[in-house]
Every structure is written in structure tokens, then in C-alpha cells.
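Data first, discussion second: the structure below is written as C-alpha cells.
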Amino acid sequence: MVMTSRITPPAAPAPSLTSVPSATPVPSAGPATAPALAADSVLRVPPASPAAAAAYFGASLAFHADVSDVASALAADGDPGFVVVDSRSTASWDQGHIPGAVHLPTALIPEQAPRLLDPAVPVVTYCWGPGCNGATRAALALAQLGYQVKEMLGGFEYWAREGFAYETWEGGEQRAADPLTAPVDDSHCGC
């Protein structure tokens, strides 16, 4: 029988609030208070410069579209100027998908994208929701093939939660808007 022993290193002392570096000094007036802790947590890493923030958020908008903007563009008269691609499995597609979307599971993109998608038309990918990165993987695969692509934030989950119509294998469906995701009495959030 082989005996093994487990060596447990000594526990490091927990850092005190006064030993944590802070980008914004917080005056010490005795024990830390809740507002001081909140400010330290938010500003421990200082905000980016306005120029860096503009570059970052501008780039984010170049890579992402939100559900409401996609729905608005699809509902407008005429060609929205992009095609929507559902990158999920057939079972997921059958459970619910955006009307007019192209069903193209991520694994099939290299083989089927040239047959299904016009390389001159930008693509907006989606998957299940914010907890799924399938749309990101689909966007990467399409970009590697030379397509202009954006990822729809929120995926199918937020499409349905914001009250937009969708199709299932049984036909069309639509839920009431979830008041935590979209205005209940207005078609536009004002963002």
C-alpha cells in the first residue's frame, strides 16, 4: 500500500481593506463603510480615457447588434441589408426561431455557408441566449470565410422575452414582453 500525505500550505492572511491598492484614494475615517467599499470596488481599476472608451464602444457596436434593433430592421418595409443566421441545432430551431432566419448550425458553416449566404450581405448570428457562445463561434466561422458579421446580443431567449414573434415546428408564437427586458407599453426602449 502506498501512503500519500497531503501537504496543506499555511493560509495567507486576508488582505485588509487598507492594503488593497485603489485608483481613487478613499479618506480613512475609521472602519470602512458600505459606500466606501462600493466606490473602491467600482473604481479599483480606473475608467478608461474618453478616447479609449470611444474606441472600445465603437468597436463593440461594429461586432454586436441587440435584439430590438434587429427586430426593428426586420419589421421595416424593404430589405434590412443583412441576413439573420440561427446557429443552433435542428431541435433548437424547431423549438423556436426568428421568422426569416437561415438555419445554419455552426458545425455546418464551412460546408454550407457558400451555398446559403451571399458574401456581399452582412450576417447577424444568434444562438440561445447570453449564456451561450454559439453565436460567437458561428460569427468567427463566418468571418474566417470572408463574411461581414455581427452577433445578436441576447440570442433567441431575449427575442422571445422582449415579446417578438417567433416560429416553431408547430407554427407562429409570441409571448408578452417581459418587463425586465423591454417596455411593456412601448415598442421602443429609447436606448
Side-chain angles (χ1 to χ4, degrees), residues 48 53-191:
Y56 172 83
F57 293 117
S60 179
L61 291 172
F63 295 112
H64 302 108
D66 75 15
V67 166
S68 293
D69 290 343
V70 171
S72 177
L74 293 175
D77 292 334
D79 180 2
F82 59 87
V83 63
V84 177
V85 168
D86 183 317
S87 65
R88 301 171 303 148
S89 69
T90 299
S92 298
W93 167 268
D94 288 345
Q95 191 172 326
H97 58 271
I98 295 173
V102 172
H103 183 224
L104 183 55
T106 302
L108 301 177
I109 287 173
E111 173 191 328
Q112 294 185 9
R115 182 173 56 80
L116 297 173
L117 304 173
D118 180 346
V121 177
V123 177
V124 176
T125 62
Y126 75 91
C127 60
W128 270 113
C132 175
N133 67 1
T136 306
R137 287 192 305 270
L140 173 61
L142 288 163
Q144 289 172 332
L145 292 174
Y147 292 89
Q148 288 184 300
V149 63
K150 287 188 173 197
E151 176 183 8
M152 186 178 79
L153 299 174
F156 179 74
E157 175 189 347
Y158 275 75
W159 183 273
R161 288 181 71 188
E162 290 190 24
F164 299 115
Y166 58 94
E167 297 173 349
T168 72
W169 68 276
E170 296 176 311
E173 292 190 29
Q174 187 168 6
R175 299 176 181 200
D178 179 339
L180 294 177
T181 64
V184 176
D185 298 328
D186 194 355
S187 63
H188 195 274
C189 67
C191 296

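Here, residue 1 is the first one in the sequence, and each next residue gets the next number. Just so it is clear, the values below take in all heavy atoms, side chains as well, and ignore hydrogens, waters and symmetry mates.
At least one donor-acceptor pair under 3.5 Å links the side chain of S87 to the backbone N or O of Y126. With hydrogens and angles ignored, the 3.5 Å screen pairs no side-chain donor or acceptor of T125 with any backbone N or O of A138. Proximity of a side-chain donor or acceptor of W128 to a complementary backbone N or O of N133 within less than 3.5 Å is not detected. Panel note: side chain H103, backbone R88; a donor-acceptor pair is recorded below 3.5 Å. Of the possible donor and acceptor atoms, one in the side chain of K150 sits under 3.5 Å from a partner among the backbone N and O of L61.
Across all their heavy atoms, V102 and W93 have their closest contact at C-CZ3, 4.1 Å. Contact detail for A113 and L142: the closest heavy-atom pair is CB-CD2, 4.0 Å. Of all the heavy atoms in A135 and C127, the pair that sits closest is N-SG, 3.3 Å. Of all the heavy atoms in P110 and L145, the pair that sits closest is CA-CD1, 3.9 Å. For A165 against W159, the heavy-atom pair with the smallest separation is O-NE1, 2.7 Å. Pairing each heavy atom of E162 with each of A177, the nearest pair is O-CB, 3.6 Å.
Distance OG1/T168 to CD/E173: 4.5 Å, rounded to 0.5 Å.
In this model, a donor atom of one side chain and an acceptor atom of the other lie less than 3.5 Å apart for T136 and E151.
Side-chain contact between D118 and Y147 is absent, with no heavy-atom pair separated by less than 4.5 Å. T181 places a side-chain heavy atom less than 4.5 Å from the side chain of Y158. When side chains are defined from C-beta on, L104 counts as touching I109, because their heavy atoms get closer than 4.5 Å.
Within a 6.0 Å radius of CD in Q148, other residues, nucleotides and ligands contribute 12 heavy atoms or fewer.
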